[in-house]
Amino acid sequence: MSFLETIYLFLIRWDIPIYFIAFVGIVLNLIRFWQSRGRLRRAMFGFERETGTALRTSALVGLLFFSAVAGAVYYVNTSIAPTLPAELLRPPTPAPNIFATPLVSPTPLTAGSPGTLRPRVTPNLVATATLPGAGQPAAPTSTRPPAQPAPASGFIPEGGGCTPAVHISEPRPNTTVFGTVEFIGSASGNDFGAFTLEMRGPGTGETWVDVLGGRSFIPVTGGSLGAVNLAVLDNGLYGVRVTVLDLNGLPAARCTIQLTVNNE
């Protein structure tokens, strides 16, 4: 971000307080200007005239300064702001979730025969988070029953709004999971702004809960969407959805699957 863009953003975000300060400054300097005129009319000695002239000059300078500030803010809002990139005007990233944990190396889910790892692409760098109640020992990562071995990017669930650009390929829909699970899939698109990963079920009060600790602004294609500790959840059927938001922060695409959590 350049120095000029930083100034533009400051004037755009603080335009109302700046307008108020400029208005107060203009009013105060108008009062000083009329006081100086009265002093000059009543002046009988040179010193009094000099004082009145100095007061009038400083009042005029103040009027010009505060008028220029108000005019600059108006010009930036009406002429400069529409030309700035949408990324600059996007609200600041929300504070991180207090339950978020540091990044860890992804733990692969087991699939097929024991000891055989599912082929995966190298995950993109995304946040790893735990649900409320973190701090309990996490059970080993696994799925039950195992899915057929296949590249993570080669499987796209049917239904649920899933598309090649927005989907969850692992864990497979309608499988049983427990412990710390890494979600593999894609969250991208031409108008990509950010994506969220949410779950809903018995352990969330049947409401959608963000499990990544906030939005992720890095698109993912056939990689890691995030790793979540499910050991703190009650057993039961859960919905999992990945939502892609456009540059305006509005939902642009969404994929939803069903999983069973069974932490025995």
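For this chain, numbers begin at 1 and follow the sequence in order. This one's a predicted model, so the numbers in the text were calculated from it and none came from an experiment.
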Between [X] and [Y], which heavy-atom pair has the shortest distance, and what is it?
X      : Y      : result
Leu237 : Gln258 : CG-OE1, 3.7 Å
Ala227 : Thr180 : CB-CG2, 4.4 Å
Cys162 : Pro157 : CB-O, 3.5 Å
Phe10  : Ile18  : CE2-CD1, 4.1 Å
Ser188 : Phe192 : CA-CD1, 3.8 Å
Arg241 : Glu198 : NE-OE1, 2.8 Å

Gap separating the [atom1] atom of [X] from the [atom2] atom of [Y], nearest 0.5 angstrom:
X      : Y      : atom1 : atom2 : result
Phe155 : His167 : CZ    : NE2   : 9.0 Å
Thr51  : Arg49  : OG1   : CZ    : 11.0 Å
Asp210 : Met199 : CG    : CE    : 12.0 Å
Asn190 : Asp246 : CG    : CG    : 12.0 Å
Ile168 : Ile184 : CD1   : CD1   : 10.5 Å
Thr196 : Leu212 : OG1   : CG    : 8.0 Å

Do [X] and [Y] belong together in a cluster built from hydrophobic side chains that touch within less than 4.5 Å?
X      : Y      : result
Phe33  : Leu55  : no
Tyr75  : Phe20  : no
Val69  : Ile16  : no
Val61  : Phe66  : no
Trp208 : Val244 : no

Would you say [X] and [Y] make side-chain contact, with heavy atoms under 4.5 Å?
X      : Y      : value
Pro202 : Asn235 : no
Asn174 : Thr260 : no
Val242 : Leu197 : yes
Asn77  : Ile12  : yes
Phe183 : Pro171 : yes

Counting distance only, does the side-chain N/O of [X] pair as donor-acceptor with the main-chain N or O of [Y] below 3.5 Å?
X      : Y      : value
Tyr74  : Tyr19  : no
Tyr238 : Thr204 : no
Asn248 : Leu250 : no
Ser67  : Leu64  : no
Asn263 : Val232 : no

Using a 3.5 Å cut-off and no angle test, enumerate the donor-acceptor pairs between side-chain atoms of residues 21-32 and protein atoms at least two apart in sequence or in another chain.
{"residue": "Asn29", "atom": "OD1", "partner": "Arg32", "partner atom": "NH1", "Å": "3.4"}
{"residue": "Asn29", "atom": "ND2", "partner": "Gly25", "partner atom": "O", "Å": "2.7"}
{"residue": "Arg32", "atom": "NH2", "partner": "Ser58", "partner atom": "OG", "Å": "2.6"}

